[in-house]
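No hydrogens, no waters, no symmetry mates; every other heavy atom, side chains included, goes into these values. When a residue number appears, it is its place in the shown sequence, counting from 1.
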Amino acid sequence: MSDLFIQGTETDPAVRATDDVRHIHDRLRNRLASLADHEPGLAAGFCAGELRRHLAAADEALYGPAAGAPETRLLIRALRATSAEIDRRIGTLDTAADPAAATRALGAVLSVHLAVEETVLLPALAELPGADVGLMVTDLRTLLDGGRLDRPGIVDVREIPRGQRHPRIFARFSRLAPGESFALVNNHDPKHLRREFELAHPGAYTWDYEQSGPDLWRIRIGRAA
């Protein structure tokens with residue numbers, strides 16, 4: 001029984017995603033700690049480059065999908081406020097009277113911020129309607145590796161297995177800027193999807209039918225300006 005439980009846990013996508021994020025976070029924490037103690041000048045460059053890239057990638061890949069959901073809206077506001085504070089501290093490292101102490105203080109704030117992502121945000125993302133935490137973490141890695149996320153103007157889900165359609169659509173929505181939209185193409189009226197949008201992003205999305213059957217539905221989904 002225990003072997004089956006362990007095996008099932010190891011293959012669970014949410015567990016794998018959390019482990020992946022924890023590995024990314026550990027590298028950031030360890031690198032910053034080592035530079036703070038030995039090379040404070042290099043620490044400022046690391047923070048201005050790699051750490052800021054991580055903050056931006058986390059906002060796009062992890063925060064975006066959860067920003068409009070009632071269950072996570074306040075959490076995302078708090079995480080974004082902490083990200084802004086970390087960014088502010090990064091900007092003061094070069095002029096700090098004691099760069100090593102300033103870097104260690106920044107590291108302490110960062111450590112708490114990353115722990116909240118691991119222990120609060122990721123479990124919350126795993127429970128959001130239509131969300132796929134594994135896909136979000138894959139997007140995070142793509143951004144950290146210097147890639148760009150796909151932003152197709154048309155999302156045709158007719159050939160996508162049913163269980164994978166909604167996560168794909170929500171991931172695309174999370175990449176929209178205010179006022180932007182994409183076209184969803186489906187072989188039925190996605191009324192259940194619209195209910196999920198209303199639950200996750202009340203008042204923050206637009207939904208306009210461009211074609212309504214009988215064999216094809218085309219809906220323009222946008223982020224409210």
Side-chain angles (χ1 to χ4, degrees), residues 13-14 16-17 20-21 53-77 79-80 83 117 121-225:
R16 290 201 306 271
D20 200 13
V21 170
R53 283 194 297 273
H54 174 84
L55 295 175
D59 192 278
E60 181 172 356
L62 302 181
Y63 299 177
E71 301 92 334
T72 51
R73 187 181 297 120
L74 293 179
L75 172 62
I76 296 304
R77 287 180 185 173
L79 285 168
R80 282 177 166 165
S83 291
E117 286 188 353
L121 176 62
L122 290 176
L125 291 176
E127 297 297 324
L128 277 185
D132 184 337
V133 68
L135 178 61
M136 293 180 207
V137 174
T138 298
D139 287 347
L140 175 66
R141 277 217 171 267
T142 296
L143 292 170
L144 293 177
D145 290 340
R148 295 174 61 101
L149 301 184
D150 189 24
R151 291 177 170 83
I154 299 175
V155 177
D156 188 338
V157 298
R158 289 175 293 177
E159 301 301 322
I160 298 175
R162 285 188 177 272
Q164 300 175 22
R165 291 180 181 184
H166 290 195
R168 187 79 58 89
I169 296 163
F170 273 87
R172 178 65 186 97
F173 177 80
S174 72
R175 298 167 197 163
L176 293 176
E180 290 184 340
S181 65
F182 67 94
L184 168 65
V185 177
N186 207 344
N187 53 13
H188 66 275
D189 188 355
K191 295 178 181 179
H192 180 64
L193 173 68
R194 187 170 190 177
R195 287 194 293 270
E196 289 188 352
F197 261 95
E198 191 58 35
L199 177 65
H201 303 283
Y205 75 98
T206 60
W207 183 283
D208 299 294
Y209 286 94
E210 296 180 338
Q211 183 172 341
S212 300
D215 300 316
L216 183 144
W217 274 257
R218 182 183 174 107
I219 301 99
R220 175 67 54 180
I221 300 175
R223 185 179 292 277

Undergrad: Pair Asp189, Arg194 - check salt bridge (charged side-chain N to carboxylate O under 4.0 Å, His left out), show working.
TA: CA-CA 9 Å; Asp189 188 355; Arg194 187 170 190 177; over 6 Å; no
Undergrad: Closer than 3.5 angstrom, by distance alone: can the side chain of Arg165 be matched with the main-chain N or O of Ile160 as a donor-acceptor pair?
TA: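 Between the backbone of Ile160 and the side chain of Arg165 there is a qualifying donor-acceptor contact (under 3.5 Å).
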Undergrad: Hey, what do you get for CG (Asp20) to CG (Leu140), rounding to the nearest 0.5 Å?
TA: 8.0 Å
Undergrad: Please name all residues satisfying side-chain hydrogen bond (donor to acceptor under 3.5 Å, both in side chains) with Asp208, sequence neighbours left out, ordered by chain then number.
TA: none
Undergrad: My understanding is that only one of Leu75, Leu79, Leu125 makes a side-chain contact (heavy atoms from CB on, under 4.5 Å) with Tyr63; could you say which?
TA: Leu79
Undergrad: Specify the closest pair of heavy atoms between Ser181 and Arg220, including all atoms of both residues, with the distance to one decimal.
TA: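 So the minimum-distance heavy-atom pair works out to OG-CD, 3.0 Å.
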Undergrad: Can you find a pair of side-chain heavy atoms, one from Phe170 and one from His201, that are under 4.5 Å apart?
TA: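 Answer yes - side chains close enough.
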Undergrad: When you compare the side chain of Arg141 with that of Thr138, does any pair of heavy atoms fall below 4.5 Å?
TA: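 No; the side chains remain at least 4.5 Å from each other.
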Undergrad: Taking the side chain as every heavy atom from C-beta outward, state whether Asp132 and Met136 have any pair of such atoms under 4.5 Å apart.
TA: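 The answer is no; the side chains never approach within 4.5 Å.
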Undergrad: Scan the side chains in residues 211-218 for donor-acceptor partners under 3.5 Å anywhere in the protein, sequence neighbours excluded, and list what turns up.
TA:
from	atom 1	to	atom 2	distance (Å)
Arg218	NE	Glu210	OE1	2.7

Undergrad: Going from CG on Asp139 to CG on Leu62, what distance comes out if it is rounded to the nearest 0.5 angstrom?
TA: 8.5 Å
Undergrad: Closest heavy-atom contact between Gly203 and Ala224?
TA: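 Looks like O-CB, 4.0 Å.
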Undergrad: In chain order, what residues pass the side-chain hydrogen bond (donor to acceptor under 3.5 Å, both in side chains) check against Arg151, with sequence neighbours excluded?
TA: Glu60
Undergrad: Go through the structure and list residues passing side chain to side chain contact (heavy atoms under 4.5 Å, CB included) with Glu71, not counting sequence neighbours.
TA: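 In terms of side chain to side chain contact (heavy atoms under 4.5 Å, CB included), with neighbours along the sequence ignored, Glu71 is linked to Ala69, Leu128, Pro129, Leu199.
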Undergrad: Would you give the length of the straight line joining atom CH2 of Trp207 to atom CD1 of Ile221, rounded to the nearest 0.5 angstrom?
TA: 4.5 Å
Undergrad: How close do Pro202 and Arg73 get, counting heavy atoms only, and between which atoms?
TA: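 Where Pro202 meets Arg73 most closely, the heavy atoms are CG-NH2, 3.6 Å.
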Undergrad: Spell out, as yes or no, whether a donor-acceptor pair under 3.5 Å connects the side chain of Asp156 to the backbone of Arg158.
TA: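 A pair under 3.5 Å: yes.
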Undergrad: Using the six-membered ring wherever Trp is involved, compare the ring planes of Phe197 and Phe173 and label them parallel, tilted or perpendicular (cut-offs 30° and 60°).
TA: perpendicular
Undergrad: Within the structure provided, determine whether Glu196 and Pro190 are in side-chain contact (heavy-atom separation under 4.5 Å).
TA: no
Undergrad: To check you understand the geometry: which heavy-atom pair defines the closest contact between Ala177 and Arg223, and what is its length?
TA: O-CB, 3.8 Å
Undergrad: Of all residues at least two apart in sequence or in a different chain, which pass the ring-ring contact (aromatic ring centres under 6.0 Å, His included) check with His188?
TA: none
Undergrad: To the nearest 0.5 Å, what is the distance between CD1 on Ile154 and CG on Leu184?
TA: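 If I round to the nearest 0.5 Å, the distance is 10.5 Å.
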Undergrad: Return yes if some donor-acceptor pair links the side-chain N/O of Thr206 with the main-chain N/O of Gly222 below 3.5 Å, else return no.
TA: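 Present.
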Undergrad: Restricting to side chain to side chain contact (heavy atoms under 4.5 Å, CB included), what partner residues turn up for Pro152, sequence neighbours left out?
TA: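 Pro152: side chain to side chain contact (heavy atoms under 4.5 Å, CB included) contacts with Asp150, Val155, Arg172.
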Undergrad: Nearest 0.5 Å, please: how far is NE2 in His166 from NE2 in His192?
TA: 6.0 Å
Undergrad: Does a side-chain heavy-atom distance below 4.5 Å link Leu122 with Val133?
TA: yes
